[in-house]
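Only one structure is covered here, and it is reproduced in the block below.
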Amino acid sequence: MLTLLKLLQDGHFHSGEALGAALGVSRSAVWKQLQHLEAELNLPIYKVRGRGYRLQGPLSLLDCDALNKEGSPWLHQVCDSLDSTNAEVMRRLASGDAPPFAVIAERQTEGRGRRGRRWVSPYAQNLYYSLALRIDGGARQLEGLSLVVGLAVLSTLRSFGLAAAGLKWPNDLLINNRKIAGILLELVGDPADICHVVVGIGVNVNMQLSPEEIDQPWTSMQSESGVLVDRNLLVARLSACLQDYLGRHQREGFSALREEWEAGHLWQGRMVNLIAGVHQIQGRVIGIDATGAVRLNVDGEERAFSGGELSLRLSDDS
Ligand code: BTN
C-alpha cells in the first residue's frame, strides 16, 4: 500500500494500467489497494475516466534514509502509524533505548496535546516529532527547557520564510493568532536525579483539513507560504535547530536565551488572562524570568507564574 502511495504522492493522474505495471499486480488489485488506502489513511482518491487516479493534492512523505544521512544529530526512527510519538519514545526508553533519539510518525491515532487535549494528526500532512533526552544536570537543566524548544521551532519556521511566526507563553507558536505548532514535554524519572525528557513537537505543515475540524484557530506552513513543504527538509532543519538551542541551554542556562525568547514573544505588553483550571488572573505581560516563568503586572504588582497546566488568553481590553 505504501509503494502505491509513493507512486501517487506527486498528486498527478496515474492510469490503473501504469500503477499495475509498476506494482506488478492486476488493475483490479490496484483498485482494491486504492480503496484500502482511502479507507485506512483517510486520503481521498479521485478517479477520472480516461485519466486514472490521483490524490487530492501532492504529499511529501517521510523518508527514513534521507533523514539519517551523515550529519544528522541523532537517529530518526520513522514510523507509519502510532498512538502517539511521545508514548512510543516512553516505551523505547523503558525498553532500554539510549537517548538522544527521535521518533517521527506519518500519523498519530491518539496524539496528545497540553492540558489533556487531543492533537489532531492526519496522515502524511504534518510533523509529529518526539525527541528523547537524558537530563543528568538536576532540576536546573529543566529550567526554561520547554521555552528553549519553542525558540528552536520558531527559528525552524522562520528559516522557511515564515517571518510572522512568534511565540505565545509557555510554548505555542502562532501566526496571526492562529496556532501553527505546539510543544508537549513529558518527564520520565526523578528530576532531582537522572531522568529523561520526551520533547514532543507537532507542526501543522501541509494540513488539508477544513478549519472547523479542529476546535481552535489554526494555520499551516503550506497555507502561510503557499507552497507544499518538504517534510524531510523540515525534520532536518528542526533537528539541527534543536541541537543548537539545547546545546546553548545546557552550556549557558536559560538566562542566556531569555532576551531572545522575549523578542519572539507575540504577547509582550498585552493584557491577558492567565488560566489556571477554573481560576483566571488578569494582568499585563512584562516578560519572563530566568526560570521561564511568565511575569505579569497584576493590579500594579509584579507576579511570576509557572506550571505546565497554565495558559494565556488575550483579554478583551488588550
Ligand atoms: C499542544 O497542546 O500545544 C502540544 C501539542 C504537542 C503535539 C505533539 S505531536 C508529537 C508529540 N506526540 C504527541 O502525542 N504529542 C506531541
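Atom set for the values below is all heavy atoms of this structure, side chains included, hydrogens, waters and symmetry mates excluded. Residues: numbered from 1 along the sequence shown. First listed ligand is number 1; within each ligand, the first listed atom is number 1.
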Q) Identify the closest protein heavy atom to atom 3 (O) of ligand 1: which residue and atom is it, and at what distance? A) K179 NZ, 2.6 Å
Q.
Only heavy atoms of W119, strictly under 4.0 Å: list the atoms of ligand 1 that pass.
A. 1 (C), 3 (O), 5 (C), 7 (C), 9 (S)
Q) What about E110: any of its N or O atoms under 3.5 Å from an N or O on ligand 1? A) no
Q | Which of the ligand 1 atoms, numbered from 1, are nearer than 4.0 Å to a heavy atom of G111 | A | 14 (O)
Q.
Under 4.0 Å from a heavy atom of I183: which atoms of ligand 1 are those, numbered in the order shown and with their elements?
A. 3 (O), 4 (C)
Q) Does any donor atom in the side chain of H265 or Q268 lie under 3.5 Å from an acceptor atom in the other side chain? A) yes
Q | Smallest separation among heavy atoms of S223 and T219, with atom names | A | OG-OG1, 3.5 Å
Q) What do you reckon, does Y129 have a nitrogen or oxygen under 3.5 Å from a nitrogen or oxygen of ligand 1? A) no
Q.
Salt bridge check, E309 against R115: does any charged N sit closer than 4.0 Å to a carboxylate O?
A. no
Q. Is any NZ, NE, NH1 or NH2 atom of the basic residue among E106 and R231 found under 4.0 Å from an Asp or Glu carboxylate oxygen of the other?
A. yes
Q: Under 4.0 Å from a heavy atom of S130: give me the atoms of ligand 1 that qualify, with their elements.
A: 11 (C), 12 (N)
(Q) Heavy-atom distances under 4.0 Å decide this one: backbone, side chain, both or neither, for D172 against ligand 1? (A) side chain
Q. Salt-bridged, R91 to D83, with N to O below 4.0 Å?
A. yes
Q) Of all heavy-atom pairs between K6 and L61, which one has the smallest distance, and what is that distance? A) CG-CD1, 3.8 Å
Q.
Tell me whether the NZ or CZ atom of R237 lies within the 45° cone about the ring axis of F160 and under 6.0 Å from its centre.
A. yes
**Q.** Heavy atom of the protein closest to atom 10 (C) of ligand 1 (residue, atom name, distance)
**A.** T85 OG1, 3.2 Å
Q: Give the residue, atom name and distance (to 0.1 Å) of the protein heavy atom nearest atom 2 (O) of ligand 1.
A: R114 N, 2.7 Å
Q: Measure the distance from atom 16 (C) of ligand 1 to every protein heavy atom, then report the residue, atom name and distance (to 0.1 Å) of the closest one.
A: R112 O, 3.8 Å
Q.
Do the side chains of R295 and D289 get close enough for a salt bridge, i.e. N-O under 4.0 angstrom?
A. no
Q) Among E88, Q108, R115, which one has a heavy atom closest to atom 12 (N) of ligand 1? A) Q108
